[in-house]
Q: 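Mind having a look at this structure? Questions to follow.
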Amino acid sequence: MSHAHAPRTSAVLQAALDAQPGEQIRLGDLVEPLHERAFGFLLLVLALPNFVPVPIGIGAPMGVLTALVGLQMLLGLSRPWLPRRVADYRFARSSAGKVLGFSKPLLKRLEKLASPRLEILTHRRAGLFSGLLLVVVGVLLALPIPFTNWPIGVLLLLYGIALMERDGALLLACWLLSLLGIGVFASASGALVHYLRMVFF
């Protein structure tokens with residue numbers, strides 16, 4: 001099947017959810033059938049909780065898992081490996097359906113921006129650079145930095161859409177946004193360290 005006619009991301013997510021029987025869904029069962037699209041799928045899964053009211057501290061586990069996904073891309077794996085505890089994580093179908101329903105309008109708007117182009121940037125070799133950036137982005141998400149969940153969530157959505165839709169142009173935009181965000185954080189951190197030195201030393 002041509003990449004141009006591959007199911008759109010929102011349809012893949014809905015189909016993956018519909019394919020699982022029972023009221024409890026195992027994360028590993030959702031990821032396994034997706035093969036090379038699983039990296040993008042996982043990034044979408046990790047992005048969505050950032051837009052839903054959840055207990056404080058959700059950024060830490062989401063950040064660690066994002067860094068784990070990035071590390072596997074950096075190592076050149078063709079599909080993600082999930083630790084048993086993560087793969088066996090189960091969640092209610094009703095909760096997954098609510099999160100997907102809440103996120104679908106945004107996903108559909110993002111899909112209109114994406115199409116298969118510059119696909120060489122979505123291949124495994126270029127994925128090494130994506131992996132490196134995602135490791136850093138994951139670390140930033142895990143840190144207790146105020147007001148970062150939404151912007152990093154949007155960035156992870158863009159990464160997920162770009163990888164699932166094989167859109168190298170959108171992926172290039174993700175790289176630029178990642179570098180910009182890392183640069184802003186580094187500058188802010190440097191300014192904070194300088195201020196603390198002036199105050200305490």
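All residue numbers in this chain count up from 1 along the given sequence. Computation of the quantities below employed the complete heavy-atom set of this structure, encompassing side-chain atoms and omitting hydrogens, waters and symmetry-equivalent molecules.
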Q: Dump the intermediate steps for side-chain contact (heavy atoms from CB on, under 4.5 Å) on Glu165 and Leu170, then the final yes or no.
A: CA-CA 9 Å; Glu165 302 284 342; Leu170 182 57; over 6 Å; no
Q: Look up atom CG in Leu44 and atom CZ in Phe39, then write down how far apart they are to the nearest 0.5 Å.
A: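 Leu44 CG to Phe39 CZ: 14.0 Å, rounded to 0.5 Å.
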Q: Do the non-hydrogen side-chain atoms of Ile182 and Leu133 ever get within less than 4.5 Å of each other?
A: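 They are in contact (side-chain heavy atoms under 4.5 Å apart), so the answer is yes.
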Q: Counting only heavy atoms not in Ile120, do more than 12 fall under 6.0 Å of its CD1?
A: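 For Ile120, atom CD1 is not crowded (no more than 12 foreign heavy atoms under 6.0 Å).
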Q: What pairs of donor and acceptor atoms, side-chain ones from residues 60-76 against any protein atom, are under 3.5 angstrom apart with sequence neighbours left out?
A:
from, atom 1, to, atom 2, distance (Å)
Thr66, OG1, Met62, O, 2.8
Gln72, OE1, Trp81, N, 2.4
Gln72, NE2, Trp81, O, 2.6

Q: Using side chain to side chain donor-acceptor pair (under 3.5 Å) as the criterion, list what pairs up with Ser130, not counting sequence neighbours.
A: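 So Ser130 forms a side chain to side chain donor-acceptor pair (under 3.5 Å) with Trp175.
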Q: Sequence neighbours excluded, which residues qualify as side-chain contact (heavy atoms from CB on, under 4.5 Å) partners of Ala173?
A: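 Ala173 satisfies side-chain contact (heavy atoms from CB on, under 4.5 Å) with no residue once adjacent residues are dropped.
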Q: Let me check something: any side-chain donor-acceptor pairs from residues 154-163 under 3.5 Å, sequence neighbours excluded? List them with distances.
A:
from, atom 1, to, atom 2, distance (Å)
Tyr159, OH, Ser178, OG, 2.8

